[in-house]
Amino acid sequence: YVKKYAALSGLSEEEIRSIKYSLKNNFLFSDLSKQVVEQIVSNLVVLCINAGDNLYKEYDEGYFFFIVKKGKFESSSSSSDHIITLIQGDTFGEDALLNMSTRTTTVKCIEEGELYPLDAKVFRNTVYTINRLNYKERIHFLKLIPMFRWIDDNELNNVSDCLIKCDYSDKRIITRPIMPVFSYKL
C-alpha cells in the first residue's frame, strides 16, 4: 500500500515551517523548543500513499504518529458514524502511542497523499522531554512562592502535578471580581 518511503533530504524552509505549524497545533507539542522541533524533523521521512489504500485499520498496532504533508485522508471508527477528514497540516495517531494500545480508527487515503510519520520511540522520547521540561518549570515556579518554600519535595511534586499552564497575551484580563468590592471605614 506504500508507493515510496524516502528519507528527507534538504527540506525547504516552507516545509520546515509547515511541520512546525502542524506540531504547534497539536496539544502535545504546543510548547516545543527549537531544539526539540529540529530533533523531530531530523527523524522524519516521507511516506507516499495511493488513493483508496488504508494507512492502518482499527485495532492495528500503532507504530507512528503522522503529519499530513499533502492529500486527503479519512478517519473512521466502527463504534461511530462520524468520519474525520484529515488534510495538509493535520496530525493524528497519537492515541495508540500515548496509551500503548491498538488503533482506535481506520485511516484511509482518499486523494493520493504524503505523510511525515514519526516513529513511536522518537514520539515517546519527545513527549517525555516536554513533560520533564514542564515539570522543571512548574517546580521552579512553585519555589518562587514563599508559602511553598517550606514543604518537602514529595508535597511539592504533588502540587506541581495539579498545575495547568495557561498563556495569556499582554493586558488581557484573566479574572474579574464576581461581586463588587466594597470598602468600609471604621
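For this chain, numbers begin at 1 and follow the sequence in order. Keep in mind that what you see is a predicted model, and the values were worked out from it rather than measured.
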Glu112/Ile49 under side-chain contact (heavy atoms from CB on, under 4.5 Å): CA gap, chis, key distance, verdict: CA-CA 6 Å; Glu112 188 170 313; Ile49 308 292; over 6 Å; no
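The side-chain contact (heavy atoms from CB on, under 4.5 Å) check on Asp60 picks up Tyr56, Lys57, Arg103, with sequence neighbours excluded. Under the rule for a side-chain contact (heavy atoms from CB on, under 4.5 Å), the partners of Arg149 that lie at least two apart in sequence or sit in another chain are Pro146.
Contact annotation: the side chain of Ile87 never approaches that of Val68 to less than 4.5 Å [non-hydrogen atoms, C-beta and beyond]. Residues Val41 and Glu15 form no side-chain contact, since every pair of their non-hydrogen atoms from C-beta on lies 4.5 Å or further apart. Residues Thr104 and Ser77 are not in side-chain contact: their nearest non-hydrogen atoms beyond the backbone lie 4.5 Å or more apart. Residues Ile84 and Glu74 form no side-chain contact, since every pair of their non-hydrogen atoms from C-beta on lies 4.5 Å or further apart. For the pair Ser18 and Gln88, the minimum side-chain heavy-atom distance is below 4.5 Å. Between Thr106 and Asn54, the closest side-chain pair of non-hydrogen atoms falls below 4.5 Å. You'll find the side chain of Thr105 stays beyond 4.5 Å of the side chain of Glu58, heavy atoms only. Using a 4.5 Å heavy-atom cutoff, the side chains of Asp90 and Asn25 are not in contact.
Evaluation of the ring-ring contact (aromatic ring centres under 6.0 Å, His included) test over residues 80-112, restricted to residues two or more places apart or in two chains, returns Phe66-Phe92. Pairs passing the ring-ring contact (aromatic ring centres under 6.0 Å, His included) check and including a residue from residues 132-156, sequence neighbours excluded, do not occur. The ring-ring contact (aromatic ring centres under 6.0 Å, His included) analysis of residues 26-46, with sequence neighbours excluded, yields the pairs Phe29-Phe65, Phe29-Phe123. Applying the salt bridge (Lys or Arg N to Asp or Glu O under 4.0 Å) test to pairs two or more places apart or on separate chains, those with a residue in residues 122-141 are Glu137-Lys165.
The cluster map of Ile, Leu, Val, Met, Phe, Trp and Tyr, joined by side-chain heavy atoms under 4.5 Å apart, puts Leu86 and Ile110 in different clusters. Both Leu23 and Ile16 belong to a single network of hydrophobic side chains, linked directly or stepwise wherever heavy atoms of I, L, V, M, F, W or Y lie under 4.5 Å apart. There is no path of hydrophobic side-chain contacts, each under 4.5 Å, that joins Leu118 to Tyr21. Hydrophobic clustering (side-chain heavy atoms under 4.5 Å, transitive across Ile, Leu, Val, Met, Phe, Trp, Tyr) keeps Tyr128 apart from Leu133. Residues Ile145 and Ile151 are members of one and the same hydrophobic cluster, defined by side-chain heavy-atom contacts under 4.5 angstrom among Ile, Leu, Val, Met, Phe, Trp and Tyr.
Ser75 contributes no side-chain N or O that, together with a main-chain N or O of Val107, makes up a donor-acceptor pair within less than 3.5 Å. Panel note: side chain Glu94, backbone Leu28; no donor-acceptor pair is recorded below 3.5 Å. Remark: side-chain polar atoms of Thr129 are paired, donor with acceptor, to backbone N or O of Asn125 under 3.5 angstrom.
Remark: Tyr116 OH to Thr91 OG1 distance equals 14.0 Å, nearest 0.5 Å. Of the inter-residue distances, the one linking Ile67 atom CD1 with Leu47 atom CG reads 12.5 Å to the nearest 0.5 angstrom. Distance check: Leu44 CG to Ile19 CD1 gives 5.0 Å after rounding to the nearest 0.5 Å. Rounded to the nearest 0.5 angstrom, Leu97 CG and Thr126 OG1 are separated by 11.0 Å. A distance of 7.5 Å separates NZ in Lys20 from CD in Glu13, rounded to the nearest 0.5 Å. Rounding to the nearest 0.5 Å places CG of Leu55 at 8.5 Å from SG of Cys109.
In terms of heavy-atom proximity, Ser22 sits nearest to Gly89 at OG-O, 3.0 Å.
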